[in-house]
Amino acid sequence: MSLRIVVCVKYVPDATGDRKFADDLTVDRDDVDGLLSELDEYAVEQALQIAEEADDAEVTVLTVGPEDAKDALRKALSMGADKAVHVEDDDLHGTDVMGTSLVLAKAIEKTGYDIVIAGMASTDGTMGVLPAILAERLGVPQVTLLSEVSVEDGVVKGRRDGDTASEQLEASLPAVVSVTDQSGEARYPSFKGIMAAKKKPVESLELDDLDIDADEVGLAGAWTAVDSAAERPARTAGTIVKDEGEGGKQLAEFLAGQKFI
Amino acid sequence: MAEILVYVDHVDGAVRKPTLELLTLARRIGDPVAVALGNGAADTAAVLAEHGAVKVLTADAPEFTEYLVVPKVDALQAAHDSVSAAGSLAAVLVPSSAEGKEIAARLAVRIGSGLITDAVDLEAGDEGPVATQSAFAASFTTKSRVSKGTPVITVKPNSAPVEAAPAAGAVEALAVSFGALATGTKVTARTPRESTGRPELTEAAIVVSGGRGVNGAENFGIIEALADSLGAAVGASRAAVDAGWYPHSNQVGQTGKSVSPQLYIASGISGAIQHRAGMQTSKTIVAINKDAEAPIFDLVDYGVVGDLFDVVPQLTEEVKSRKG
Ligand SMILES: Cc1cc2nc3c(=O)[nH]c(=O)nc-3n(C[C@H](O)[C@H](O)[C@H](O)COP(=O)(O)OP(=O)(O)OC[C@H]3O[C@@H](n4cnc5c(N)ncnc54)[C@H](O)[C@@H]3O)c2cc1C
Ligand SMILES: Cc1cc2nc3c(=O)[nH]c(=O)nc-3n(C[C@H](O)[C@H](O)[C@H](O)COP(=O)(O)OP(=O)(O)OC[C@H]3O[C@@H](n4cnc5c(N)ncnc54)[C@H](O)[C@@H]3O)c2cc1C
């Protein structure tokens, strides 16, 4: 039987661009180019590797996001994923992590899965919690923040490097996995991959298709509220000196003045 | 007064500093009730009481070490249920470690509550606790609230001072029954991280970091020597880590540790956005870089344009001689 792998990928504003908030305090997605969250490329890579190791596997990439989020799906398809699912609905604007995870969980159940793979964190919200919430909602093991992952005989194994220890983990499928940027460099799409991606199926789903009410998601349905967002004041220009033999001593003088020495 | 659950991060009974900081923040909102789990849980009570815990709920079971995350969620949920049944629970606070965030997140879904992660400050508000967060690599500061359920909030290290505030700290055993998911992910082996004797990166008051400019594992000795002269932790950029010059556990940045020390010294680091995401909230920033155009200089309070192989050892010598 085919191994069904679903990869969650997020479409995010480019971190090197001028990211900001819109008037309603949601992320401004109009003035900054978007792309596939770089950390999700690692998830796609591990999914493809697991699929290559399996006798028979299918990799579906899934995103919840606006129209443009198709770009993220195309990128993942051009890397080698087989098909894509795009949940897109005007009512999704402003959804928080609880709403997003609800939508993803329902879409994953609808698609069917043996293993769900996500990135360690998005590069915009950077909460790093969505995979754990998905495991809770789906009622399956979470095998998260892996820097090494393998799947064999219906068991997923991996290494999790924590604050105080490095752990080896093991769980039976179905399971939710997340991988870090230490899990292995992501491949670049080949020209052939890019051409092939154009022909791969992208299924579009709306909230109705997932039996989710509009008031469960969106800004109004969020369980959190942002009251204000202020741009951090530019730092006052610091003192910059050129080392002409005394740079270290000058720096020590500064540190002493600040009472660090 | 309403009670605040505070999840205790400890290693065999030794409470880690971020938890004591949480107690300071918790006292702004209500009476802290600490939840300590696993080996040595009861040993945490004295220090928690000294810092304001009115009660310490403890539980130990092999499940906490043998399985990932979920047993701790079951226990925190049990604490949540018992405290909210007995009175009013105003919030659940958890340190923002990778594991802490996952525990908080799963608890939040279970109890139907909104979640805020990586708060850098917390205060009481008319509609519940107000959390300050840094967004987009710390280029924005937001204030947010949880609008549904009991607020579940994770807080970054170094967000508040540790303050003594003696309280009762009565120890009570917490009854936990593990659900079916608790044993889903088995921890088959665990290798503790070796202590370097230096302060923990996220907790340190001073962090000295090296980047690609350090140019080799063998040269990290000069970064370490500076760190030791200042009693600092050592950090590294991803470029240095990827090159194998320093362990990944010391990486500062978006996918490494996020630090917020009193003083951050970057040597041979250009200041890419992903690095800045992890250190931009440092109080004082210093950089040594031979390229005057390096973006890190936009952030600094003091910068030296120069070769780190000249500047860093001279600085180290000067620090040592001033400290006598
Ligand atoms: C600056 C900022 C602050 C925010 N703060 C909060 C907050 O405090 N509380 C809150 O509830 N919400 C918050 N949000 C909203 C939240 O980030 C989104 O709802 C989001 O989709 C889930 O969180 P994340 O992107 O941080 O996910 P993470 O948990 O960081 O993402 C981990 C992985 O989950 C997958 N994933 C995440 N989102 C999607 C998606 N839309 N489609 C497919 N896969 C996905 C990806 O694989 C990703 O790598 C914030 C958003 C921003 C931009
Ligand atoms: C998804 C993603 C996540 C990432 N996460 C992180 C992260 O967590 N942390 C992180 O750091 N990066 C991260 N990065 C990488 C980041 O984009 C940069 O590539 C990295 O920070 C560069 O490291 P660096 O500054 O050491 O190297 P470089 O950018 O190569 O800079 C080296 C600097 O050293 C200076 N230099 C060289 N020799 C000397 C000398 N002798 N004396 C003084 N100065 C010298 C040079 O002038 C230069 O400015 C991430 C990237 C991506 C895409």
Side-chain angles (χ1 to χ4, degrees), chain A residues 15-16 19-21 39 96-98 101 120 123 126-129 132-133 136-137 139-145 161-171 180-182 222-232 235 238-243 247-252 254 256 258 260-261, chain B residues 11 68-69 97-99 101-102 105-106 109-110 113-117 136-149 181 184-193 206 230 248-249 254-255 263 273 284 286 297 299-306 310-312 314-315 318-319 322-323:
Chain A
T16 58
R19 294 181 294 178
K20 52 186 189 324
F21 289 91
L39 294 170
D96 68 358
V97 73
M98 291 305 168
S101 59
M120 63 184 287
T123 58
T126 65
M127 296 180 75
V129 296
I133 299 179
E136 180 72 37
R137 288 198 185 272
V140 301
Q142 78 166 71
V143 199
T144 47
L145 298 172
D161 296 321
D163 266 0
T164 54
S166 181
E167 295 166 329
Q168 294 291 336
L169 306 179
E170 196 176 301
T180 73
D181 57 334
Q182 301 290 303
W223 298 1
T224 44
V226 181
D227 289 334
S228 69
E231 195 156 3
R232 202 183 159 84
R235 295 183 78 102
T239 309
I240 298 186
V241 300
K242 196 172 173 340
D243 177 37
K249 287 187 181 153
Q250 286 168 287
L251 181 46
F254 169 78
Q258 302 286 313
F260 288 117
I261 315 178
Chain B
V11 180
L68 191 74
V69 173
S97 61
E99 185 188 53
K101 288 203 277 190
E102 292 187 334
R106 295 188 72 138
V109 205
R110 285 190 189 180
S113 292
L115 170 74
I116 291 175
T117 55
F136 300 147
S139 59
F140 276 83
T141 302
T142 61
K143 291 204 188 276
S144 315
R145 283 174 294 116
V146 166
S147 48
K148 181 168 179 289
L181 291 178
T185 308
K186 205 170 167 35
V187 179
T188 54
R190 178 178 287 114
T191 318
R193 203 168 287 302
I206 303 180
L230 292 162
H248 176 249
S249 49
Q254 185 184 62
T255 55
L263 171 64
I273 182 82
T284 299
V286 167
F297 285 125
L299 296 182
V300 300
D301 297 283
Y302 198 94
V304 181
V305 180
D310 298 328
V311 179
V312 173
Q314 189 180 64
L315 173 61
E318 193 65 21
V319 173
R322 282 175 187 252
K323 284 195 163 173

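Note: hydrogens, waters and symmetry copies are ignored here, and every other heavy atom, side chains too, is used. The model shown is predicted, which means the values in this text are computed figures rather than measured ones.
Contacts between B:Asp301 and chain A at a heavy-atom distance below 4.5 Å involve backbone atoms as well as side-chain atoms. Heavy atoms of B:Leu68 lying under 4.5 Å from chain A belong exclusively to its side chain. Of the two parts of B:Val11, only the side chain, counted from C-beta on, holds a non-hydrogen atom closer than 4.5 Å to a non-hydrogen atom of chain A. Within the 4.5 angstrom heavy-atom criterion, atoms from both the backbone and the side chain of B:Thr255 approach chain A. When heavy atoms are compared at a cutoff of 4.5 Å, B:Val187 approaches chain A by way of both its backbone and its side chain. Only the side chain of B:Ile273 comes within contact range of chain A, judged by heavy atoms closer than 4.5 Å. In this structure, chain B has heavy atoms under 4.5 Å from both the backbone and the side chain of A:Gln142. For a residue to count as touching a neighbouring chain, one of its non-hydrogen atoms must lie under 4.5 Å from one of that chain's; by this rule B:Val69 touches chain A with the side chain only.
Chosen from A:Thr180, A:Val129, A:Leu251, the residue pairing most often with chain B at heavy-atom distances under 4.5 Å is A:Leu251. Contacts with chain A were tallied for B:Ala98, B:Ser249, B:Pro192, B:Gly149; B:Pro192 has the most, counting heavy-atom pairs under 4.5 Å. Of the listed residues (B:Gly114, B:Ala189, B:Ala105), the one with the most heavy-atom contacts under 4.5 Å to chain A is B:Ala189. The greatest number of non-hydrogen atom pairs below 4.5 Å with chain B, out of A:Lys242, A:Met127, A:Met120, A:Gln258, is found for A:Met127.
Side-chain contact, B:Ser97 with A:Asp163: no donor N or O sits under 3.5 Å from an acceptor N or O. Looking at B:Arg193 and A:Thr164, their side chains never bring a donor and an acceptor atom within 3.5 Å of each other.
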Between B:Thr185 and A:Glu170, is the side chain to side chain donor-acceptor pair (under 3.5 Å) condition met? List the steps.
CA-CA 6 Å; B:Thr185 308; A:Glu170 196 176 301; over 6 Å; no
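With sequence neighbours excluded, the residues that form a salt bridge (Lys or Arg N to Asp or Glu O under 4.0 Å) with A:Asp181 are B:Arg238.
By the 30° and 60° cut-offs, the orientation of the rings of B:Phe140 relative to A:Phe21 is perpendicular.
Electrostatic pairing of B:Glu318 and A:Lys249 does not count as a salt bridge here, judged by no charged N lying under 4.0 Å from a carboxylate O.
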